[in-house]
J.: 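Shown below is the structure under consideration.
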Amino acid sequence: VTNPSEPESSIGTGPLEPGSRGPLEGEPARLHPAALGVWFGRSLLSIIVLVVVAGMIPVVGVAIIGAVILWLGARYLRFRWRLEPDAVVIEEGLIIRKRRMIPRDRIQTVDLKRGVLHRVLGVVEVRIEAIGGGQTEGALAALDPALAERLRRTLLSRRAVGAPPESAPEEGEGEEEVWARVGPGALVMAGLTGGRVGVVAAVLGFLSQIGPQTWFEQLADEALGRMPDPTLAEGLQALILLGFLAFLAAFALSVAATVIAHWGFTLSSADETLGVRRGLLTQHRDTVPLHRIQAVRVEENLIRRLLGLGAVRAVVAGRAGSGGSDAGGLLLPVGSAQEAFLVARRAAGVEGEGPPRLTAMPPRALRRRRVRALAAALLAGVGAGLVAGARWDGSAWIVAALAFLACLLPAWRLAASAYQGLGWADHGGYLVVREGVFNRRTTFIPTERLQVLETRANPFQQRAGLSSLYLRVARPILDSAPRALDLDGDQAEAWRERLGVRLSPSPRAATGTRSGG
Amino acid sequence: VRTYWWIRGGIRTIVLSAIAFVVDLGLMIPRLFPEALPEGVFAGAISLLVLSWSVAAPPVAYRRWRFALRSHDLWIRKGILVRSVSVIPYRRLQFVDTSQGPLARLFGLAELVVHTAAPGASGRIPGLDAEEAEELRERLAHLESSGDEPV
């Protein structure tokens, strides 16, 4: 347990003048003047392009820059924001005037961000995310750090709406408890083992270890030997080498990007919220109230599984662009599996520790996967046979059989591991589902967060009497829905109905109390 | 207790309109590949396939597509090949739309689209009689206000 003194005073605590009525008290306010600098910096690239395109005529260039400055100035003057008792109000727009109200009880997360430019100018950007829409709902480009911090606290506190802000002490409000810290070494590990690039690199490295002389060289020689022109062959060789180098460089860059983006990663909780601090160049301080977390997912890809590592991601509705491999919602870039599950459980409000004990799917699900493997191998065999038959005649059957066998073994193995990856558990207050062959994803979902339940069965599943249960929660659009694949059909239906009943208010509760979320 | 309020899902005409649409599409395909395939065998086969599907599928889809307003949730079954059953608790409803394309308007039909906080449309009930759809929408909108809770 540490106290919330901010590192390198990144977010200061200088009190505002007492008695002054600021935007937090409902008085419309402008952004920090540094917003001008931030906006200018952001549009710098397009300005340069414009100026270059406009020809080298200096008058035009000066005119463009002048126009931009005028435009930004006007934009700055038009921009007003304030905090009302139950909403954040932002008014902006030069030509089309916009007035946006973000109801406080719809705010999902509040993120503070400091890019290099912000740090030079000594300001903070505040991004308020509400549910719905792909983009950030409320973006305040530049605020005084102390003000930003107070805004964040006020918006996220679950206290009565409109409590006098001066009663909220600047410091020591909630004890901050650090859940996880990720050091530079672990971040390098995260970069090395995370993402597709890492997987490919590892596989390539593995292959080159197996047979550096035989496999690659032979392949290359064969390819080069067919080249009619030796100089062309040399050129190709150089090209391949270049490609390989480019690949290595891309890989190194992606590792570096991971390390820079997550530098000093700290996950902490205070006052019923989870906070993430990270970033070397652009510093982020993201905050999610615990009750806004829709689901928590532990992701273990193949390499991480071998090394006993895992990453944790929170599914939060409304955060812009947090699908995919992007850093949004990441609660732990990498950690031991034990640590990952502990963080996930705490974030989801689930007791216990370690990987959950899951119920396996019926053996028919395994059979289905084996049939699929068999079909894939057969297809490969037929394909190889056709190709061979077209080339040399004769030995096509042998080639087909070899291809079939060569594909069958790994496919069979994959089928087994896909089946082992499946699992589900229903603990009343929360559900757990797991799937994934290479990237194994274990998702914890508090039952209260479920939105829609759907059972689905494709024709193959129907024949096997299997069915998948999709557990839809509010989440970013790009994110995939948690689901329990290949449950027994009747069981899936029964589970769906049970959950439906659990989500429905009991007749008395419906007319009586309203749950507070 | 499952109370089926409406089992009468669509009206036969939606089946007709769907067929008309898909047949049109089927005839488009040979026009798109004039000479790539000799004598249009492939295209013909595809259009035949599409045609047979468009003839066979709508009645099945019509039979498969069922919905029920149960005591606490909306229940929707659908799908010919991939069969699915959705359960949407009334508490989770965010808003309810009815929509009507030009063709549907011709037949006096409307589609009801149900949204929750989950992205995309959570449930659709196509081929409702326009007035029925309106009535249903109002009823669902009323139900939703009984148990609202921010996400």
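These values consider heavy atoms only, across backbone and side chains, with no hydrogens, waters or symmetry-generated copies. Every chain is numbered from 1 and lettered A, B, ... according to where its sequence line falls, protein lines coming before strand lines.
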J.: Please find the pair of heavy atoms, one from B/Val82 and one from A/Pro459, that lie closest to each other, and give the distance.
T.: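 Heavy atoms only, the tightest pair is N-CD, 4.4 Å.
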
J.: Would you name the heavy atoms of A/Val452 and B/Ser86 that are closest together and state the gap between them?
T.: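 A/Val452 and B/Ser86 have their closest heavy atoms at CG1-CB, 4.5 Å.
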
J.: So, using salt bridge (Lys or Arg N to Asp or Glu O under 4.0 Å) as the criterion, who are the partners of A/Arg483 when residues are at least two apart?
T.: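 Here the qualifying residues are A/Glu435.
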
J.: Using modelled atom types only, decide if a donor and an acceptor are shared between the side chain of A/Glu454 and the backbone of B/Ile76 within a distance under 3.5 Å.
T.: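 It does not hold such a pair.
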
J.: Measuring only between side-chain heavy atoms, which start at C-beta, is B/Arg92 closer than 4.5 Å to A/Arg472?
T.: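 A side-chain contact is absent here, since even the closest heavy-atom pair is not under 4.5 Å.
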
J.: Working to the nearest 0.5 angstrom, can you tell me the gap between B/Trp75 CH2 and A/Arg496 CZ?
T.: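 Interatomic distance, B/Trp75 CH2 to A/Arg496 CZ, rounded to 0.5 Å: 7.0 Å.
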
J.: Restricting to non-hydrogen atoms, name the atom on B/Leu81 and the atom on A/Gln462 that form the minimum distance, rounded to 0.1 Å.
T.: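 Here B/Leu81 and A/Gln462 meet closest at O-NE2, 2.8 Å.
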
J.: Verify side-chain contact (heavy atoms from CB on, under 4.5 Å) between B/His72 and A/Val501, making sure each step is shown before the conclusion.
T.: CA-CA 8 Å; B/His72 290 303; A/Val501 169; over 6 Å; no

J.: Are more than 12 heavy atoms from other residues, nucleotides or ligands located less than 6.0 Å from atom CZ of B/Arg124?
T.: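 Check fails, neighbour count at 12 or below.
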
J.: Can you say whether A/Gln461 sits under 4.5 Å from chain B via the side chain, the backbone, both, or neither, judging by heavy atoms?
T.: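 No part of A/Gln461 comes within 4.5 Å of chain B.
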
J.: Contact part of A/Leu450 toward chain B, heavy-atom cut-off under 4.5 Å: side chain, backbone, both or neither?
T.: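 Contact with chain B: backbone only.
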
J.: CZ of A/Arg498: more than 12 outside heavy atoms within 6.0 angstrom?
T.: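 Result for CZ/A/Arg498: enclosed.
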
